[in-house]
Amino acid sequence: MNTPFDRQLIAWRRELHTWPELSGQEKATTARLRAWLQAADITLLDHPLATGLVGEVGQGEALIALRADIDALPLHEASGVSYHSRRPGVMHACGHDVHSAVMLGAALLLKQQEAALKGRVRILFQPAEEIAAGARQFIEAGVLDGVQAIFGMHNEPALPTNTFATRAGAFYANADKFIIRVSGKGAHAAHPEQGVDTIVAASQIIQGLQSLTSRSFNALDSLVLSITRIDAGKTWNVLPGSVEFGGTARTHDRDVRAGLEARVRALVTHFAEAAGAEATLSWHAGPPVLVNDPEWTRFASEMAEQAGYRVQTADLHLGGEDFAFYLQKLPGAFVSIGSASEAGLHHPAFNPDEALIAPAARYFAQLAQQALLHLNARCCDAILT
Ligand code: NI
């Protein structure tokens with residue numbers, strides 16, 4: 001289909017794409033979304049955050065939420081599209097512009113059938129997903145109060161357009177960050193015996209960390225640990241007195257996550273001690289494992305089949321997604337929709353297929369409407385029994 005509605009959503013997506021904003025700074029994005037929602041006469045709810053928007057359609061007790069994220073990344077675009085970013089060094093390289101257009105479309109479609117809705121649909125345009133802050137801020141602000149189930153999407157460049165994938169239970173990973181600092185004693189490079197070599201100590205710790213993941217955990221546990229930066233030394237003839245390095249750990253299980261942190265801490269301390277150095281570890285928990293509710297996941301997949309998607313069971317994902325915070329509070333389902341981009345997420349040449357937008361908007365409008373019917377039926381079954 002290529003209706004005026006479809007073309008409008010693509011035009012809006014392109015406008016968002018041209019003017020991307022970083023996490024927590026989405027002021028112009030919020031203003032644009034507000035203008036488009038207000039033009040459609042959609043009620044906007046107050047919230048205390050500087051950016052982000054919450055719209056609501058319908059009336060009644062039953063309440064479903066749909067969520068889009070709206071922030072961009074500190075990346076210089078190299079996709080070659082005519083509507084490329086006009087803000088140097090900032091790019092919608094994760095497709096949050098696409099997600100926003102999808103949920104904007106869903107809001108408009110729901111508004112058209114507002115009188116027939118069996119409850120309310122709250123549509124969240126969430127800021128600051130990339131820094132895993134926005135979902136928590138929305139929760140703390142009470143934006144989720146009264147919501148009975150929540151749905152959201154991420155585009156998936158590795159899947160063809162018209163393909164839908166999700167899974168019940170664990171889906172996206174615990175995405176943690178850690179920083180390790182090794183302190184020793186600086187010395188002349190020609191006299192290492194007069195110092196404590198922190199570069200050698202740090203190298204041993206890094207090697208140890210890699211064998212830890214392969215030797216200390218079950219081969220079927222999903223975990224990965226990557227060191228992504230090392231900061232040490234300034235010149236060629238001085239041994240630095242300290243080294244700082246860090247990276248990320250991804251897991252899908254609470255116990256594996258806790259076990260990994262404990263093992264990393266012990267290894268860092270003891271390897272440093274063996275080298276005569278000292279080490280500190282700071283572990284920053286990122287978004288937790290995203291756990292989809294089995295019933296709503298089945299429901300969302302059935303709706304996708306009815307909407308004409310090729311429906312697959314998704315593999316475990318090693319990325320982090322702050323939608324996980326919502327699913328700690330209430331049931332729901334997060335799903336992937338194919339965006340068929342040769343370049344992946346967070347790549348400067350990322351270029352999702354816009355043909356996914358309007359069908360996904362129709363899908364989420366239908367999903368929300370049917371989920372309200374489902375909630376009503378569930379309530380009345382309970383009363384009858
Ligand atoms: Ni993303």
Side-chain angles (χ1 to χ4, degrees), residues 13 16-17 19-26 29-30 33 51-53 65-77 79 85 87 89-104 106 123-138 150-159 161 163-167 171-177 248 250 286-292 314-327 332-354 356-357 360-361 364:
R13 181 261 159 168
L16 295 175
H17 190 84
W19 302 106
E21 292 169 298
L22 294 175
S23 307
Q25 302 172 24
E26 311 91 339
T29 305
T30 300
L33 290 166
T51 56
L53 269 180
L66 300 177
R67 176 271 212 170
D69 38 14
I70 65 171
D71 52 333
L73 285 160
L75 231 80
H76 196 80
E77 180 159 7
S79 70
S85 170
R87 290 203 168 96
V90 186
M91 177 192 177
H92 268 297
C94 202
H96 297 186
D97 51 343
V98 170
H99 308 163
S100 295
V102 166
M103 294 310 177
L104 187 60
I123 304 105
L124 319 183
F125 295 91
Q126 181 212 300
E129 193 284 324
E130 295 290 357
I131 57 168
R136 274 181 295 184
Q137 290 167 344
F138 261 1
I150 185 164
F151 299 95
M153 69 163 283
H154 209 291
N155 76 92
E156 177 48 67
L159 289 178
T161 315
T163 306
F164 175 103
T166 187
R167 61 184 292 124
F171 187 7
Y172 281 63
N174 291 304
D176 298 343
K177 177 174 103 173
T248 185
R250 308 290 169 109
V289 57
L290 183 150
V291 182
N292 273 337
D315 292 331
L316 282 175
H317 201 300
L318 285 159
E321 166 58 62
D322 86 346
F323 194 86
F325 289 111
Y326 298 126
L327 293 178
F334 194 71
V335 308
S336 299
I337 294 183
S339 58
S341 170
E342 211 169 295
L345 300 173
H346 297 207
H347 191 284
F350 174 63
N351 184 19
D353 182 1
E354 294 174 319
L356 82 85
I357 296 173
F364 279 104

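Owing to the predicted nature of the structure, the values given are computational and were not obtained by experimental measurement. For ligands, and for the atoms within them, numbers begin at 1 and follow the listed sequence. The first residue of the sequence shown is numbered 1, and numbering continues consecutively from there.
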Protein N/O/S atoms under 2.8 Å from the Ni ion (ligand 1): how many? 3
Check whether the side chains of Asn155 and Ser336 place a donor and an acceptor atom closer than 3.5 Å, and report yes or no. no
With His17 via side-chain hydrogen bond (donor to acceptor under 3.5 Å, both in side chains) - residues at least two apart: Arg13, Glu77, Asp97
List the residues meeting side-chain hydrogen bond (donor to acceptor under 3.5 Å, both in side chains) with Arg67, not counting sequence neighbours, and say none if there are none. Gln126, Glu321, Asp322
Does one side chain, of Ser23 or Glu130, offer a donor that lies under 3.5 Å from an acceptor on the other? no
Asp176: what forms a side-chain hydrogen bond (donor to acceptor under 3.5 Å, both in side chains) with it, not counting sequence neighbours? Arg257, Trp283
Only residue of Glu21, Glu26, Gln25 satisfying side-chain hydrogen bond (donor to acceptor under 3.5 Å, both in side chains) with Thr51 is Glu26
